[in-house]
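Okay, structure first, notes after.
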Amino acid sequence: MEKMYEIIREIKENQNIIVAGHIMPDGDCISSVLSLSIALERLGKQVLSIVDYDIPYQYSQLEEVARIRKVDDVINSIDSCDLIIVLDSSSPDRVGKLQDFLSSKKTIVIDHHITNENFGDLNWVDDSFSSAAQMIYRLNRSMNVTYDSKLATINLMGIATDTGFFRYPNTTSEVFKDAYELSLLGGNIWFISQMILENNKPERLKLFAHVIENMEFSNEGRFVHSVIKYEDFQRFNCTEEDSSGFVSDLRAIRGVEVAVLVIEYPKEQVHVSMRSKNSFDVSKIAKMLGGGGHPRAAGCSFKDSKVEEVREIVVKEISKILKDLKVIDEER
Ligand code: AMP
Ligand code: MN
Ligand code: MN
C-alpha cells in the first residue's frame, strides 16, 4: 500500500487533474473514473474525466456519466492539467488519443491487471484487487473522502461488474468487506443490477441468438468459439457495446474451459474476447497477440484484419495449448 500513499502525496500537490479510463469501457472503468473524479472534486480539485470511447447505453441511467468526455472534445483543456491518473488500463494504447499526452505530463497508473506494463511515472498495480474500483475505494477512504449513497453506488458498481456480480474467483472476503462497507454507505446493488443486467434490448438478444448459431466446439467440447461480423451488427441493428457479456455466457456452457468471441467492429477492426473457467490462462495468449487482461478474462485487438483469419489464428493457438494440457493431465 506504500504506492497508494505516494499517490495521495502526489494528488495533494496538484490542482488540475485528468482522470482517465480505457477504450471499450466496462463497468469497472466507468465506476473507477467517476468514483475518483467525484472524490477529487470533493477534495477541492479541478477534474477532467476522460474515456476516449462511447459509453455503453446501459450506464446512461447514471447522470454522472454525462461528465465523461472524449479527447477531441476537451483537447484545449488537457494542456492546463498537471497530472493524469489512468485507471484500469494495462497499457498506454488503452487510453485512446490521450496516449499522446502521457509522456509530457506526470502520469499515475492505478490498475489490477497482471499484464500491466507499468507505463506511469508512478504505478500502483496490484492484481490481488478484484477491480480498479476496489482500489479507488481504498484510496478514497484513505483520503477521507465523504461518501453519500450516490458515490457509494457508483463505486460499488465496478466491484460488482468485475466480479461478475460476486461470482468469479476474484470475489474474496476483502471484496465482500469493501462491498459491505459501500452498502452501509448507501450503495444500491439492485439499482446497479437492474441497470446492467435487467436492461436488455430485444435486438441484443437476437444478436446473441446469432452468436449461438455460429458456435463451434473443439477439444472435446472444452473450447467454444463464435464470431460477430460487422454486417451482423448492422443486420441486427446493434453496435459493439451490445456484444458485451456474450463471451461469459459461452463460457457458462457445461464442459467448456475456454470461450472466445471474435468481434469485427467496425469493418476490419477485430477484437477478440477470451474467457476461461478453471485452469487456462487466457491473459498469456492475449499478451502474445498484443493485448492483455487477467488469467480468466482477456482480450486483444487487430487493425486492418480479416475476421476469419483472426479467428483461425486464435483458435489454432488455444486448441494447441488445450490439447497439450490434456496430454499432461492424462499422463499425470
Ligand atoms: P473483454 O474481453 O474485452 O471484456 O476484455 C477482458 C479483459 O481483457 C479486460 O480486463 C480488458 O481490460 C482486457 N483487454 C481486452 N482487450 C484488450 C486489449 N486490446 N489490450 C489489453 N487488454 C485488453
Ligand atoms: Mn476494465
Ligand atoms: Mn477492471
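Whatever order the structure lists ligands and atoms in, that order sets their numbers, starting from 1. For the single chain, residues carry numbers from 1 onward in sequence order. In this text the structure is predicted, and so the values were computed from the model without any measurement.
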For this session: State, to 0.1 Å, how close Val86 and Thr107 come at their nearest heavy-atom pair, and which atoms those are.
Result: CG2-CG2, 4.0 Å

Problem set entry | Angle subtended at the Mn ion (ligand 2) by OD2 of Asp88 and NE2 of His22, nearest 10° | 80°

Problem set entry | Identity and separation of the nearest protein heavy atom to atom 3 (O) of ligand 1 | His271 NE2, 2.9 Å

Seminar exercise, completed: Filtering Gly290, Gly291, Ser301 for the heavy atom nearest atom 19 (N) of ligand 1 leaves Ser301

Problem set entry | Closest approach of any protein heavy atom to atom 7 (C) of ligand 1, naming residue and atom | Ala297 O, 3.5 Å

Exercise. Atom NZ in Lys284, atom CE in Met274: separation rounded to 0.5 Å?
Worked result: 13.5 Å

Exercise. How are the rings of His112 and His294 set to each other: parallel, tilted or perpendicular (split at 30° and 60°)?
Worked result: tilted

Exercise. Within the stated cut-off of 2.8 Å, is an N/O/S atom of Asp28 closer than that to the Mn ion (ligand 3)?
Worked result: yes

Exercise. Should Gln269 and Glu264 count as side-chain neighbours, where that means a heavy-atom distance under 4.5 Å?
Worked result: no

For this session: Decide if the gap between the ring center of Tyr137 and the ring center of Tyr147 is smaller than 6.0 angstrom.
Result: yes

Problem set entry | Distance filter under 4.0 Å to Ser90 heavy atoms, resulting ligand 1 atoms | 21 (C), 22 (N)

For this session: Specify which N/O/S atom of Asp26 comes nearest to the Mn ion (ligand 2), by atom name.
Result: OD2

Problem set entry | Residue, atom name and distance, where the atom is the protein heavy atom closest to atom 15 (C) of ligand 1 | Gly299 CA, 3.5 Å

Problem set entry | Val95 side chain reached by His22 side chain, heavy atoms, under 4.5 Å | no

Exercise. Taking everything shown except Phe166 itself, do over 12 heavy atoms lie less than 6.0 Å from its CZ?
Worked result: yes

For this session: Report, in ascending order of atom number, the atoms of ligand 1 lying under 4.0 Å from any heavy atom of His294.
Result: 10 (O)

Problem set entry | Numbering as shown, the atoms of ligand 1 that approach Ser273 to under 4.0 Å (heavy-atom distance) | 1 (P), 2 (O), 3 (O)

For this session: Measure the spacing between OG of Ser273 and NE2 of His225 and express it to the nearest 0.5 Å.
Result: 15.0 Å

Exercise. With the 4.5 Å side-chain cut-off for hydrophobic clustering, are Leu98 and Leu122 part of the same group?
Worked result: no

For this session: Measure from the Mn ion (ligand 3) to each N, O or S atom of His112 and report whether any distance is below 2.8 Å.
Result: yes

Exercise. When you look for heavy atoms under 4.0 Å from ligand 1, do you find them on the side chain of Arg94, its backbone, both, or neither?
Worked result: side chain

Exercise. What residue and atom, counting heavy atoms only, is the protein's closest point to atom 4 (O) of ligand 1, and at what distance?
Worked result: Arg275 NH2, 2.8 Å

For this session: Indicate if the distance from the Mn ion (ligand 2) to the nearest N, O or S atom of Asp162 falls below 2.8 Å.
Result: no

Exercise. Short list, please: which atoms of ligand 1 are under 4.0 Å from a heavy atom of Gly292?
Worked result: 8 (O), 13 (C), 14 (N), 20 (N), 21 (C), 22 (N), 23 (C)

Exercise. Going by the order shown, which atoms of ligand 1 are within less than 4.0 Å of some heavy atom of Gly293?
Worked result: 8 (O), 13 (C)

Exercise. So with a 6.0 Å cut-off around CD of Glu41, is the heavy-atom count from everything else above 12?
Worked result: yes

Problem set entry | Residue selection (non-hydrogen contact nearest atom 9 (C) of ligand 1) among His113, Met24, Arg296 | His113

Exercise. About how many Å separate OG1 of Thr153 and CE of Met195, when rounded to the nearest 0.5 Å?
Worked result: 9.0 Å

Exercise. For Cys300, is the nearest heavy atom under 4.0 Å from an atom of ligand 1?
Worked result: yes

